[in-house]
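The block underneath contains the structure these notes are about, expressed in structure tokens.
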Amino acid sequence: GDSVTQMEGPVTLSEEACLTINCTYTATGYPSLFWYVQYPGEGLQLLLKATKADDKGSNKGFEATYRKETTSFHLEKGSVQVSDSAVYFCALKLTDSWGKLQFGAGTQVVVTP
Amino acid sequence: GAVVSQHPSRVICKSGTSVKIECRSLDFQATTMFWYRQFPKQSLMLMATSNEGSKATYEQGVEKDKFLINHASLTLSTLTVTSAHPEDSSFYICSARDKYEQFFGPGTRLTVL
């Protein structure tokens, strides 16, 4: 079945460091791919998305490129801030009619001053 | 972007009581809503898919008689945890889907004593 695998955390970084969170997927067909961010005690917010191969999603300095050949959607940011500390979830939208999302396990990112 | 609200944000109840959680799409009509459960430091687990005017579709392993879902209108879905027990304590998150994507509510923290 469809699944998402993302790197385990926590990932601890200093402010202004580069961040990469790896995400790979297995799916039938051509799913849409998403990154969501969850701040402590809150729900999920859509960070960025890509709907087809080679699409690049970007938002708030974060980027991810839909790589069909490697079935990956790695999240990157060139210079993180303390406010980027959160849990990041990679997800794919299943090709069923309801549009259900399949989430990865989540990666906690801690950015220190 | 579209806004989804949940009420209450936090609830504490005694074992054996029932708790109702509301999920509302505030500025759009949602034909489909989803209910998720999240344990501490874990990913979201889809519990059920709710379509307006029809019975919810539950994921494997989710007790439909324990987690009652009602999607009475295009802007409101409710999750009732019946005869709650301490093991039902969790963070419950709903999402509402418009034509293009899912929007998540802020979550409800349920604690059963």
Side-chain angles (χ1 to χ4, degrees), chain A residues 1-12 21 23-25 31-52 55 57 59-60 66 75 85-110, chain B residues 1-10 21 23-26 30-52 54-60 62 71 77 90-111:
Chain A
D2 297 348
S3 66
V4 177
T5 303
Q6 62 182 104
M7 62 188 284
E8 290 188 23
V11 174
T12 303
I21 305 176
C23 172
T24 58
Y25 67 91
S32 295
L33 301 173
F34 304 82
W35 277 101
Y36 286 87
V37 59
Q38 184 179 35
Y39 298 101
E42 298 184 13
L44 271 65
Q45 299 176 27
L46 177 64
L47 183 59
L48 53 83
K49 67 179 180 181
T51 58
K52 60 183 187 298
D55 268 2
N59 185 26
K60 299 180 181 179
Y66 190 142
L75 182 68
S85 298
V87 180
Y88 293 81
F89 292 94
C90 185
L92 65 79
K93 187 166 75 173
L94 302 177
T95 52
D96 67 357
S97 60
W98 307 123
K100 292 190 289 188
L101 291 172
Q102 181 72 42
F103 287 92
T107 301
Q108 184 180 10
V109 173
V110 178
Chain B
V3 178
V4 176
S5 70
Q6 278 185 244
H7 179 79
S9 59
R10 195 177 287 268
I21 302 170
C23 176
R24 292 181 185 273
S25 57
L26 297 185
T31 54
T32 303
M33 289 184 171
F34 302 89
W35 286 95
Y36 297 86
R37 182 173 181 177
Q38 186 181 31
F39 291 103
K41 300 190 177 184
Q42 294 189 25
S43 189
L44 281 71
M45 180 192 80
L46 179 65
M47 300 175 66
T49 302
S50 166
N51 291 288
E52 187 263 337
S54 63
K55 290 183 179 180
T57 301
Y58 290 82
E59 296 298 303
Q60 192 172 10
V62 177
H71 194 156
S77 177
S90 192
F91 194 51
Y92 292 87
I93 302 175
C94 74
S95 70
R97 187 171 75 94
D98 69 2
K99 186 177 180 181
Y100 302 105
E101 67 179 84
Q102 283 189 40
F103 300 93
F104 286 81
T108 296
R109 174 76 59 193
L110 170 63
T111 302

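Chain letters run A, B, ... following the sequence lines, proteins first, then strands; residues in each count from 1. Note that the structure is a prediction, hence the values are computed from the model and not measured.
Only the backbone of B:Gln42 comes within contact range of chain A, judged by heavy atoms closer than 4.5 Å. With a 4.5 Å cut-off on non-hydrogen atoms, A:Phe103 touches chain B through its backbone and its side chain both. Using a 4.5 Å cut-off between heavy atoms, A:Leu46 touches chain B through its side chain atoms alone. Proximity to chain B is absent for every atom of A:Gln108, based on heavy atoms less than 4.5 angstrom apart.
Checked by atom type and distance alone, the side chain of B:Thr32 never pairs as donor or acceptor with a backbone atom of B:Asn51 at under 3.5 Å. Although no hydrogens or angles enter the test, the distance criterion places a donor-acceptor pair under 3.5 Å between the side chain of B:Gln6 and the main chain of B:Tyr92. In terms of modelled atom types and a separation under 3.5 Å, the side chain of A:Ser32 and the main chain of A:Lys93 share no donor-acceptor contact.
Applying the 6.0 Å contact sphere to CD of A:Glu8 captures no more than 12 heavy atoms from other residues, nucleotides or ligands.
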